[in-house]
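Fair warning: this is a prediction, and the values are worked out from it, not measured in the lab. No hydrogens, no waters, no symmetry mates; every other heavy atom, side chains included, goes into these values.
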Amino acid sequence: MLSVFYEKCLALIRSPLLHQSLVRSLPSINEAVLGSIKGSCMTIGPTHTYIQEGLEKGISEQKLKGIVYESLKRINPSVPYLFSLNQICHITGVSYPYLREIVRRNSTPYNFHRIPKKSGGHRFLTIPRTELKLVQTWIHKEILASQAPHFRCYSYHSQSSIFNCAREHCSSKWLIKMDIESFFDSISEVMVYKVFRKLGYKPLVAFELGRICTYQPTHLRISNTLKWRNFNTNSAEYPYKRKGVSFFGRLPQGAPTSPMLSNLVFQEIDEQLHSYATENGLVYTRYADDLTFSTIDNRFSRERAIKFVSYVKKVLRTENFNTNKTKLKIIPPGSRKIVLGLNVEAQEPLLSKGFKKRVEGHLRGIEKFGILQHVEHRRFDTIFGMLSHINGLIGYAKQIDNAYGFRLEAWFSSILTQNGIVNESFQE
């Protein structure tokens, strides 16, 4: 499936005319010309100024007018016009050979980290190094951040909110909770390419942006090998050769571009799930990889829930996603209902008893045994790390239940003062 679509993608960027005009000719525009557009959302700037400066640098008027024309007729005016990889380099200050090697998959400038999970196992983070992170940050800020995800998505954007997501399910009778397994790892460079194409970028630029925002895995689980393997390496006529590229790229968990790209990749799936949920009298929300469905209809049954879950799994499998079987929950009337850590049994989300017990346990532990002993007992790496963690919990509590959060804040400040520490997080 991926291989077939990838062939179509590369066929679009195969044109020698397109390749020559975008890759060979346009990089000759030097930094002086592009300096005036650095940091600009439009990336071309005033037409007359752009053409005049280009002429002064020896670039033909026909070529300059062609670039201006393409920028003005672009499909999506909310994103900057980009005509080549070299332009991205000029805007961000990153060298062309450096970025070119990343797109060719000859370089993978990431640091890989394995973080233990409290529930067991590990979370794998793929963190871009400084220069690549700079480029990805620009892509996120100038291209992705302005895009609107599906309205049932509550994560990774300016209006994202755990509280608002959970509130959609308050007073529900039946609740279905599902989790997407290896969410970012399941998003391929082909899916990312499609996002940039929909935003109006030409095939070659969309391909390059897709490569910058993904990385090639070195090995895969046997069950996934066929889905991700790049079989066809006969690509001598393409702008980028496939030789040495064994697998399709995937979204790195740790890159600034990945969260919003996951939202945009998932837009059509969000719409499918929302429509199906509505047809069945259910409310749908998604927060990252957490899918939640609920209804106030007491007549809804476990049989209907099982049938509904089966359809959702089918939709996800079609798009290369799988669910985590251990996290599937069908919660009937009368049972405790928790969404994203918040109790949704009342008309407004409430902090769960488990959350309160956890944060109060930290404060009592420090109060009774002291800071150093609590750091060791709870296995924090540093005192600063523990204080930051507790501050985060208290800040979250204030967002949900302001009065309770302020009581925790006063309690924690008092404990720290007794230990000779001023908590700057609580200072105005």
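Surrounding CD of E268 are at most 12 heavy atoms belonging to other residues, nucleotides or ligands under 6.0 Å away. A 6.0 Å sphere centred on NZ of K133 holds no more than 12 heavy atoms belonging to other residues, nucleotides or ligands. By the 6.0 Å contact criterion, CG on N298 is enclosed, its count of non-hydrogen atoms from other residues, nucleotides or ligands being greater than 12. Atom CD1 of I127 has more than 12 neighbouring heavy atoms from other residues, nucleotides or ligands inside a 6.0 Å radius.
At least one side-chain heavy atom of H274 sits under 4.5 Å from a side-chain heavy atom of H150. Put simply, the side chain of K173 does not reach to within 4.5 Å of the side chain of T295, judged on heavy atoms.
For an aromatic pair to be called close, the ring centres must be under 6.0 Å apart, and F380 with H389 satisfies this. Ring centers of F412 and H362: at least 6.0 Å apart, outside the cut-off.
Of all non-hydrogen atoms in N280 and Y276, the two that sit nearest each other are ND2-O, 2.8 Å. Nearest approach of R129 to N111, heavy atoms of both residues: NE-OD1, 3.1 Å. Here the closest heavy-atom approach between residue K337 and residue W174 is recorded as CE-N, 4.2 Å. Here the closest heavy-atom approach between residue L261 and residue C213 is recorded as CD1-CB, 3.7 Å. Here the closest non-hydrogen pair linking T214 and Y110 is O-OH, 3.8 Å. Taking each heavy atom of P149 and H157 in turn, the nearest pair found is CG-CD2, 3.5 Å.
Of the possible donor and acceptor atoms, none in the side chain of S414 sits under 3.5 Å from a partner among the backbone N and O of A410. A donor-acceptor pair under 3.5 Å is absent between the side-chain atoms of D401 and the main chain of A397, judged by distance alone. Distance alone, capped at 3.5 Å, is enough to place a donor-acceptor pair between the R105 side chain and the R211 backbone.
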Discussion item. Run the side chain to side chain contact (heavy atoms under 4.5 Å, CB included) test on V359 and I394 for me, step by step, so that the C-alpha distance in whole Å, both residues' side-chain angles and the decisive distance to 0.1 Å come before the verdict.
Written reply: CA-CA 8 Å; V359 66; I394 293 174; 4.3 Å; yes
Discussion item. Before you tell me yes or no, could you show the steps for I102 and Y215 under side chain to side chain contact (heavy atoms under 4.5 Å, CB included), namely the whole-Å CA-CA distance, both residues' side-chain angles and the distance that decides it to 0.1 Å?
Written reply: CA-CA 9 Å; I102 291 173; Y215 76 102; over 6 Å; no
Item to complete: Take V344 and I338 through the side chain to side chain contact (heavy atoms under 4.5 Å, CB included) test and state the conclusion after the steps.
Response: CA-CA 6 Å; V344 295; I338 304 294; over 6 Å; no
Item to complete: Show the numbers, then the answer: is there a side chain to side chain donor-acceptor pair (under 3.5 Å) between Q147 and S78?
Response: CA-CA 8 Å; Q147 305 308 307; S78 70; 3.2 Å; yes
Discussion item. Side chain to side chain contact (heavy atoms under 4.5 Å, CB included) for W138 and T257? Distances and angles first, verdict last.
Written reply: CA-CA 9 Å; W138 183 86; T257 44; over 6 Å; no
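Between the OG1 atom of T323 and the CG atom of D289 there is a distance of 11.5 Å, given to the nearest 0.5 Å. For the atom pair CD1 of I180 and CD1 of I269, the computed distance is 7.0 Å after rounding to the nearest 0.5 Å. Here the CD1-CE distance, from I139 to M260, works out to 14.5 Å after rounding to the nearest 0.5 Å. Taking OG of S182 as the reference point, atom CG of L251 lies at 12.5 Å (rounded to 0.5 Å).
One side chain, E271 or S275, offers a donor N or O that lies under 3.5 Å from an acceptor on the other. Under 3.5 Å, the side chains of N263 and R286 contain a donor-acceptor pair of N or O atoms. In the model, R152 has no side-chain atom that pairs as donor or acceptor with a side-chain atom of T292 under 3.5 Å.
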